[in-house]
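Here is the structure we will look at, set down as structure tokens.
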Amino acid sequence: MTRKLMIALGVLCLAYVVALSACTSLSRHTVAPYDSDPAEAAKIERAAADWCAEHGYPGGRPPLPFRFDGCSWWPDGFGETDWRPCCQAHDYAYWCGGSALDREAADDALGACVAEDTNAAFGWLMRSGVRAGGHPFLPLYFRWGNGHPYAGGYPEPEATAP
């Protein structure tokens with residue numbers, strides 16, 4: 001295939017994915033035990049809100065509900081290796097949102113966590129995937145700041161008094 005055709009197919013695939021999941025959020029948790037146990041679901045939702053407060057993320061608790069789907073569009077592990085805890089902590093940060101530097105720190109932490117359970121190359125691959133697919137301009141349910149209504153980018157820095 002020609003280079004132009006490959007680029008066109010890539011753009012069409014991206015448009016398809018965005019169209020299917022644009023401006024939506026998960027309506028429920030999709031991984032066990034949160035998907036079937038309301039008490040466990042409430043625990044993870046409280047943990048996400050506490051994480052936002054502890055890390056000083058803007059606005060405290062986001063207005064949209066926290067929902068966990070494991071490692072969005074990615075395997076949750078292989079064999080005995082389960083890196084869902086890495087993805088869960090990363091999802092807390094993505095739900096809360098914040099600056100571009102906050103996002104970079106969250107993505108770095110995910111890559112390091114996955115590398116600890118696997119290897120440096122896989123950690124880098126995971127980090128690269130979230131850097132590309134989690135940008136706040138993408139109207140996807142797993143974008144940066146997904147606990148807030150879609151705004152198309154990072155929040156504006158708050159003005160400081162002179």
Side-chain angles (χ1 to χ4, degrees), residues 10-11 13-14 17-18 20-26 29-35 40-41 43-160:
V11 169
C13 286
L14 180 60
V17 167
V18 170
L20 287 179
S21 61
C23 303
T24 63
S25 65
L26 283 178
H29 299 289
T30 60
V31 295
Y34 314 113
D35 61 340
E40 286 298 312
K43 280 185 197 174
I44 192 174
E45 291 162 20
R46 277 192 304 278
D50 291 346
W51 194 96
C52 291
E54 289 168 13
H55 289 82
Y57 276 68
R61 182 187 180 102
L64 301 177
F66 178 79
R67 298 292 180 252
F68 185 55
D69 69 343
C71 301
S72 306
W73 293 12
W74 192 259
D76 293 338
F78 292 115
E80 297 296 314
T81 306
D82 177 13
W83 50 78
R84 269 189 309 179
C86 301
C87 295
Q88 187 170 329
H90 186 254
D91 282 2
Y92 291 165
Y94 264 60
W95 181 63
C96 300
S99 71
L101 291 175
D102 294 329
R103 177 173 172 244
E104 187 170 1
D107 293 345
D108 289 346
L110 174 67
C113 184
V114 170
E116 209 173 277
D117 287 340
T118 59
N119 58 55
F122 202 76
W124 175 86
L125 183 63
M126 194 84 154
R127 182 195 179 283
S128 298
V130 296
R131 292 302 297 164
H135 199 282
F137 78 80
L138 296 171
L140 303 170
Y141 74 86
F142 53 79
R143 68 174 161 73
W144 179 253
N146 64 62
H148 302 276
Y150 178 70
Y154 295 101
E156 293 294 322
E158 293 183 23
T160 56

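In this structure, H90 contributes its side chain and C86 its backbone to no donor-acceptor pair below 3.5 Å. Of the possible polar contacts, one joining the W95 side chain to the L64 backbone as a donor-acceptor pair under 3.5 Å is found.
With sequence neighbours left out, S72 forms a side chain to side chain donor-acceptor pair (under 3.5 Å) with D69. Every residue meeting the side chain to side chain contact (heavy atoms under 4.5 Å, CB included) condition with F137, not counting sequence neighbours, appears here in chain and number order: H135. For D82, the salt bridge (Lys or Arg N to Asp or Glu O under 4.0 Å) partners two or more places apart in sequence, or in a different chain, are R84.
The two residues C71 and W83 have their closest heavy-atom pair at SG-CD1, 3.5 Å. Scanning all heavy atoms of the two residues, the minimum distance from P62 to C96 falls at CG-CA, 3.9 Å. A pairwise comparison of heavy atoms in A106 and W144 identifies CB-CZ3, 4.1 Å as the closest pair. The minimum heavy-atom distance between A132 and R103, with the atom names listed, is N-NH2, 4.4 Å.
The shortest side-chain heavy-atom distance between N146 and Y94 falls under the 4.5 Å cut-off. The shortest side-chain heavy-atom distance between Y92 and H55 does not fall under the 4.5 Å cut-off.
The OH atom of Y154 sits 9.5 Å away from the CG atom of D102 when rounded to the nearest 0.5 Å. Taking CD of E104 as the reference point, atom CG of L101 lies at 6.5 Å (rounded to 0.5 Å).
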Show me the donor-acceptor pairs within less than 3.5 Å that the side chains of residues 112-119 make with the rest of the protein, sequence neighbours left out.
from : atom 1 : to   : atom 2 : distance (Å)
T118 : OG1    : V114 : O      : 2.7
N119 : OD1    : A121 : N      : 3.1
N119 : OD1    : F122 : N      : 2.7

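Legend: side chain to side chain donor-acceptor pair (under 3.5 Å) pairs involving residues 121-131, not counting sequence neighbours, sorted by first then second residue: D107-R131, D108-R127.
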